[in-house]
Amino acid sequence: MEIKNITIIGSGALGSRIGLQAAISGYQVTFYDISETILDAAKSMLMKIGRQLVKSNKLTIESQGQALSRIHFTTDMNIALADCDFVSESVTEELSIKEKVWQQIGELAPVKTVFTTNTSYLLPSQLAALSGRPEKFCAFHFHDVFYARVVDIMPHPGTNPELIPLLQSLGRKLNQVPVLVKRESPGYIFNFMLMAVLGAAGRLKTKDVASIEDIDRSWMVNFHMPTGPFGILDNIGLDTAWHVVKERPDEASRAFAKMLKEYIDLGKLGEKSGEGFYRYPNPVYRDPEFLNS
Ligand SMILES: NC(=O)c1ccc[n+]([C@@H]2O[C@H](COP(=O)([O-])OP(=O)(O)OC[C@H]3O[C@@H](n4cnc5c(N)ncnc54)[C@H](O)[C@@H]3O)[C@@H](O)[C@H]2O)c1
């Protein structure tokens with residue numbers, strides 16, 4: 001099948017990035033979210049990322065304008081799905097929200113539509129049946145889209161195998177490197193490894209073994225990385241991380257979830273709210289002196 005119209009359900013941090021890349025790649029993109037205010041924030045985000053891409057010579061001003069002309073916004077799911085070939089769902093990482101949304105999508109989308117979720121840690125089999133078309137349902141999970149360009153393709157046992165080459169091809173058209181997760185596994189490939197590192201960092205902090213800054217310095221210096229585990233958590237969003245960590249039963253995860261919740265309750269959600277473990281737009285770890293202090 002040919003994909004022309006892509007609908008993004010949930011236009012927050014990741015939905016807006018996926019949709020912007022899809023528009024840059026030439027697709028017609030419709031963004032859906034629950035309020036005009038959130039869609040306005042998504043518009044500002046698209047402009048901001050577009051400017052960064054132009055500044056770093058990854059996009060010309062002309063291509064940015066053309067991409068933006070292919071983008072539409074709506075708070076009406078009927079309109080969002082009316083002629084949709086492909087859904088990429090990026091709503092809040094909460095099972096009950098995703099369940100409700102997939103039921104709605106299944107009721108409203110045309111027969112031709114391919115269904116994908118960008119969930120970070122849920123499994124597609126937890127949502128597929130609710131969509132009413134489990135054979136058309138697959139996880140298609142992005143990382144950061146523009147700088148971290150791996151896209152995980154993770155079918156559930158009922159996914160039609162013909163979807164896999166379609167998703168591999170779409171992934172490449174979206175400037176991503178597709179990787180196939182052969183069987184359902186929470187966290188796919190990279191996030192599974194990342195969770196181990198972030199969990200260890202959380203444990204070092206909640207047990208008061210080291211400061212946030214020294215934990216990040218250790219990682220950054222030894223691996224020549226621009227960001228440490230807590231900077232990465234700020235980038236992911238503390239609320240998104242909390243939704244994942246709070247589901248884990250072990251004591252270390254419970255302590256880490258409690259710590260994340262304390263930041264969230266203060267409105268410190270990470271980079272997107274201007275503050276998390278660090279303050280943005282100029283967090284101290286980007287200061288060259290950080291590694292020497
Ligand atoms: N943040 C990351 O680094 C990252 C990376 C890969 C995947 N993801 C996944 O992407 C998804 C979204 O994460 P995010 O970081 O963009 O979160 P976010 O909080 O920035 O965005 C979530 C969006 O979902 C919307 N939403 C909530 N309920 C909705 C509903 N009923 N209908 C439509 N929209 C609704 C919210 O209004 C919000 O705009 C999650 O599943 C997350 O696990 C996140």
Side-chain angles (χ1 to χ4, degrees), residues 7-21 30-46 48-49 73-81 87-109 115-124 126-127 130-131 139-154 171 174 176 179 181 186-192 194-195 198 227 229 231-247 260 264 267 269-274 276:
T7 299
I8 304 293
I9 304 286
S11 307
L14 253 288
S16 46
R17 299 177 93 81
I18 298 166
L20 178 59
Q21 177 59 61
T30 303
F31 284 100
Y32 167 83
D33 210 303
I34 47 178
S35 79
E36 290 293 348
T37 315
I38 293 170
L39 289 179
D40 284 344
K43 282 176 204 167
S44 307
M45 178 94 85
L46 298 183
K48 187 178 157 197
I49 300 168
F73 299 89
T74 181
T75 54
D76 183 336
M77 206 188 270
N78 265 304
I79 294 173
L81 295 171
V87 167
S88 173
E89 170 269 310
S90 276
V91 307
T92 313
E93 185 78 355
E94 180 85 54
L95 181 60
S96 59
I97 296 178
K98 288 201 191 275
E99 283 175 340
K100 205 172 123 208
V101 164
W102 274 109
Q103 213 163 346
Q104 279 177 296
I105 297 171
E107 281 161 17
L108 298 175
F115 292 160
T116 66
T117 177
N118 185 39
T119 180
S120 295
Y121 291 97
L122 299 171
L123 298 174
Q126 291 176 273
L127 302 165
L130 286 161
S131 75
F140 193 51
H141 169 256
F142 294 79
H143 291 79
D144 147 283
V145 179
F146 295 105
Y147 299 99
R149 296 187 302 103
V150 167
V151 64
D152 295 298
I153 298 167
M154 186 165 82
L174 296 176
Q176 307 296 298
V179 293
V181 187
Y188 309 91
I189 300 174
F190 179 80
N191 278 6
F192 185 78
L194 181 64
M195 267 304 282
L198 298 182
T227 321
I232 293 171
L233 281 162
D234 274 354
N235 182 258
I236 291 171
L238 272 50
D239 49 344
T240 299
W242 176 75
H243 280 300
V244 175
V245 177
K246 78 177 168 51
E247 299 300 335
L260 289 169
I264 293 166
L269 304 182
E271 213 166 330
K272 63 184 167 188
S273 71

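Indexing begins at 1, ligand by ligand and atom by atom, following the structure's order. FYI, side chains are in, hydrogens and waters are out, and symmetry mates aren't considered; it's all heavy atoms of this structure.
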For [atom], closest protein heavy-atom neighbour:
atom                    : value
atom 20 (O) of ligand 1 : Ala13 N, 2.9 Å
atom 33 (C) of ligand 1 : Tyr32 CE2, 3.4 Å
atom 11 (C) of ligand 1 : Val91 O, 3.4 Å
atom 8 (N) of ligand 1  : Ser120 OG, 3.2 Å
atom 29 (C) of ligand 1 : Ile34 CG2, 3.8 Å
atom 21 (O) of ligand 1 : Gly12 CA, 3.4 Å
atom 27 (C) of ligand 1 : Thr92 OG1, 3.3 Å
atom 17 (O) of ligand 1 : Thr240 OG1, 4.0 Å

Close N or O approach ([X], ligand 1; < 3.5 Å):
X      : answer
Asn118 : yes
Glu89  : no
Glu93  : yes
Ile236 : yes
Asp33  : yes
Leu14  : yes
Ile38  : no

Using every non-hydrogen atom in the two residues, find where [X] and [Y] come nearest and quote the distance to one decimal.
X      : Y      : value
Gly276 : Asp234 : CA-OD1, 3.3 Å
Ser11  : Leu39  : OG-CD2, 3.9 Å
Asp144 : Tyr147 : OD1-N, 2.6 Å

Once you restrict to heavy atoms under 4.0 Å, what part of [X] touches ligand 1? Side chain, backbone, both or neither.
X      : value
Val101 : side chain
Lys100 : neither
Lys98  : side chain

Strictly distance-based, threshold 3.5 Å: is any side-chain N or O of Thr75 a donor or acceptor partner for the main-chain N or O of Asp33?
no
I'd like to know if the side chain of Arg17 reaches the main chain of Phe146, judged simply by a donor and an acceptor atom lying under 3.5 Å from each other, with no hydrogens or angles considered.
no
Hey, does [X] sit under 4.0 Å from ligand 1 if you only count heavy atoms?
X      : result
Tyr121 : no
Gln104 : no
Ser90  : yes

Only one of Asn118, Thr117, Thr116 clears side chain to side chain donor-acceptor pair (under 3.5 Å) with Ser90; which?
Asn118
Salt-bridge test for Lys246 and Glu94: reply yes if a basic N is under 4.0 Å from a carboxylate O, no otherwise.
yes
Answer yes or no: is there an ion pair linking Asp239 with Lys272, defined by an N-O contact shorter than 4.0 Å?
yes
In the structure I gave you, are the side-chain heavy atoms of [X] and [Y] within less than 4.5 Å of one another anywhere?
X      : Y      : value
His141 : Ile153 : no
Gln126 : Leu123 : yes
Asp152 : Phe140 : no

